[in-house]
Amino acid sequence: MLNWLFPILIGRGLMMGSKKIGFIGLGAMGFPMAKNLQKAGFELHVMAHRNRVPVEELVKDGAHEQTSLAEIVKHSEILISILPADKEMEEVLLSDEVINHLTEKHILIEATSGSPDMMKRVNSIYENKGVKVLDAPVSGGTTGAENGTLTVMSGGTDDVLQLVRPVLDAMAQNIYLVGPIGAGKAVKAINQMLAGIHMVASAEAVSLASKLDVDFNMLKEVISNSSGASWMLLNKLDTLISKNFDPGFKLALMRKDIQIAVGEGTDRALPLGAAALQLFRMAEKDFAEKDFAAISQLILT
């Protein structure tokens with residue numbers, strides 16, 4: 001009697017049978033994302049790279065530790081990768097160890113802040129193996145990753161998005177289909193360029209407020225309800241004041257992301273993006289492994 005309901009459920013992704021996820025990249029973002037998948041009841045397959053701590057914590061809560069990428073692929077139906085950059089995307093996702101074990105049953109959710117060109121290259125090779133791919137970088141920082149409130153910028157087809165919707169729902173609050181494969185990476189690059197510019201602007205605002213003896217709490221309250229409001233100032237003001245730059249999102253990665261955006265726009269006038277990139281390059285010499293808010297050290301005295 002409920003046969004009429006099945007197509008609706010399938011269209012919304014609720015009939016996806018797979019619970020087996022191979023998670024590749026347990027860094028500052030990947031680890032809390034993986035934890036939220038675990039809380040949602042997905043079976044995780046993980047492996048250690050440099051740091052065993054995330055793997056040990058996930059295994060303690062029921063994840064399966066594998067000894068190689070090949071074993072992760074063989075034990076999973078959905079692969080999620082969130083890696084540092086294009087270089088790692090190529091080394092991992094296009095390695096023989098992964099490619100040789102892919103089958104038509106696999107789906108890749110690729111969340112790295114990489115370039116559109118690299119994403120298209122991965123997709124082309126995976127398509128030839130019959131693998132479905134979703135280009136799915138995320139935004140929201142480590143706080144969003146921990147709270148499961150990330151924004152996903154999906155590139156691909158709606159059919160694939162709906163197949164993995166329950167997986168994304170476990171990690172994210174806002175999920176957008178922004179275009180074909182590569183569009184997710186493009187929107188993420190634009191977002192990161194804006195984030196970098198806004199961070200520099202926020203540091204300048206704090207510098208001026210300090211000179212003019214403006215109360216920072218009052219500044220935050222007033223600006224949050226004024227035309228100059230920005231997510232960056234409101235969420236990073238305390239970090240800029242305390243100068244506690246323990247990494248959430250590392251400055252070196254922000255420099256890389258801004259560079260992707262500026263590189264994609266070489267035939268466009270991007271004066272603010274180019275200026276932000278230059279500042280992040282300067283700051284990277286001393287603060288590469290610090291939170292990207294450490295760019296303020298070039299501005300605040």
Side-chain angles (χ1 to χ4, degrees), residues 6 9-83 88-89 92-93 95-112 122 126 129-138 140 142 144-150 152 154 156-157 159-173 175 184:
F6 290 171
L9 293 177
I10 292 172
R12 293 179 180 175
L14 298 180
M15 291 296 288
M16 186 192 70
S18 174
K19 288 279 187 176
K20 297 179 179 180
I21 296 175
F23 204 106
I24 303 170
L26 298 173
M29 293 290 290
F31 175 48
M33 290 165 67
K35 287 185 69 174
N36 283 326
L37 289 170
Q38 204 167 39
K39 290 175 186 176
F42 291 98
E43 178 182 308
L44 284 188
H45 295 267
V46 297
M47 65 174 286
H49 182 44
R50 294 189 182 92
N51 184 6
R52 283 201 54 80
V53 174
V55 170
E56 289 172 355
E57 185 165 338
L58 292 169
V59 168
K60 181 181 65 177
D61 292 331
H64 302 269
E65 182 177 3
Q66 304 299 340
T67 58
S68 67
L69 289 169
E71 289 300 311
I72 285 183
V73 176
K74 286 191 285 186
H75 284 88
S76 306
E77 292 173 305
I78 294 175
L79 298 171
I80 299 177
S81 55
I82 180 164
L83 301 163
E88 289 78 12
M89 285 179 67
V92 174
L93 298 180
S95 66
D96 289 341
E97 193 175 8
V98 171
I99 295 294
N100 290 344
H101 294 92
L102 291 173
T103 68
E104 292 182 356
K105 76 176 183 180
H106 285 105
I107 301 174
L108 171 67
I109 301 174
E110 213 306 299
T112 303
V122 169
Y126 277 49
K129 300 283 291 187
V131 178
K132 297 179 178 66
V133 176
L134 193 71
D135 168 21
V138 298
T142 52
E146 291 164 3
N147 295 333
T149 57
L150 293 169
V152 180
S154 305
T157 67
D159 288 346
V160 176
L161 174 59
Q162 296 309 325
L163 281 174
V164 299
R165 186 77 188 224
V167 176
L168 299 178
D169 283 338
M171 303 181 289
Q173 188 172 58
I175 301 167

*Check whether any side-chain heavy atom of Leu161 sits under 4.5 Å from a side-chain heavy atom of Leu168, and report yes or no.*
yes
CG (Asn51) and CG (Leu26) are apart, to the nearest 0.5 Å, by 9.0 Å
On a heavy-atom basis, the closest approach of Lys129 and Glu104 is O-CG, 3.8 Å
Closest heavy-atom pair, Met29 versus Leu150, reported as atoms and distance to 0.1 Å, is CE-CD2, 3.7 Å
In terms of heavy-atom contacts, Thr142 and Ala28 come closest through CG2-O, 3.7 Å
Sequence neighbours excluded, the answer for side chain to side chain contact (heavy atoms under 4.5 Å, CB included) partners of His101 is Ala70, Val73, Lys74
Of all heavy-atom pairs linking Ala170 and Phe42, the shortest is CB-CE1, 4.2 Å
query: Are Leu79 and Val131 side-chain neighbours, meaning at least one heavy-atom pair lies under 4.5 Å?
result: no
Donor-acceptor pair, distance only, cut-off 3.5 Å: does the side chain of Gln38 make one with the backbone of Leu58? yes
Value for NE2 (His106) from CD (Glu77), rounded to nearest 0.5 Å, stands at 7.5 Å
Sorted by chain and residue number, the side chain to side chain donor-acceptor pair (under 3.5 Å) partners of Glu88 (sequence neighbours excluded) come out as none
* Judged by modelled atom types alone, do Ser68 and Gln66 share a side-chain donor-acceptor pair under 3.5 Å? -> no
task = Could you tell me whether a side-chain N or O of Tyr126 sits under 3.5 Å from a main-chain N or O of Leu93, the two making a donor and an acceptor?
result = yes
Rounded to the nearest 0.5 angstrom, the CG-NE2 distance for Leu69 and His49 is 9.5 Å
Interatomic distance, CD1@Ile72 vs OG1@Thr67, rounded to 0.5 Å, equals 9.0 Å
Between Val160 and Val133 the two heavy atoms that sit nearest each other are CG1-O, 3.9 Å
For Ser76 and Lys105 the tightest heavy-atom approach is O-CE, 3.6 Å
Query raised in the report: Are any of the side-chain heavy atoms of Ile80 and Leu37 separated by less than 4.5 Å?
Result: yes
ask   = Side chain of Glu43, backbone of His45: donor and acceptor closer than 3.5 Å?
value = no
In this structure, CE of Met89 is separated from CD of Glu110 (nearest 0.5 Å) by 4.0 Å
Hits for side chain to side chain donor-acceptor pair (under 3.5 Å) against Lys132, two or more places apart or cross-chain, chain-then-number order -> none
Exercise. With the side chain counted from C-beta on, respond yes when Lys20 and His64 share a heavy-atom pair under 4.5 Å apart, and no when they do not.
Key: no
Q. Can you find a heavy atom in the side chain of Leu134 that is under 4.5 Å from one in the side chain of Ile107?
A. no
d(Glu71 CD, Glu97 CD) to nearest 0.5 Å is 9.0 Å
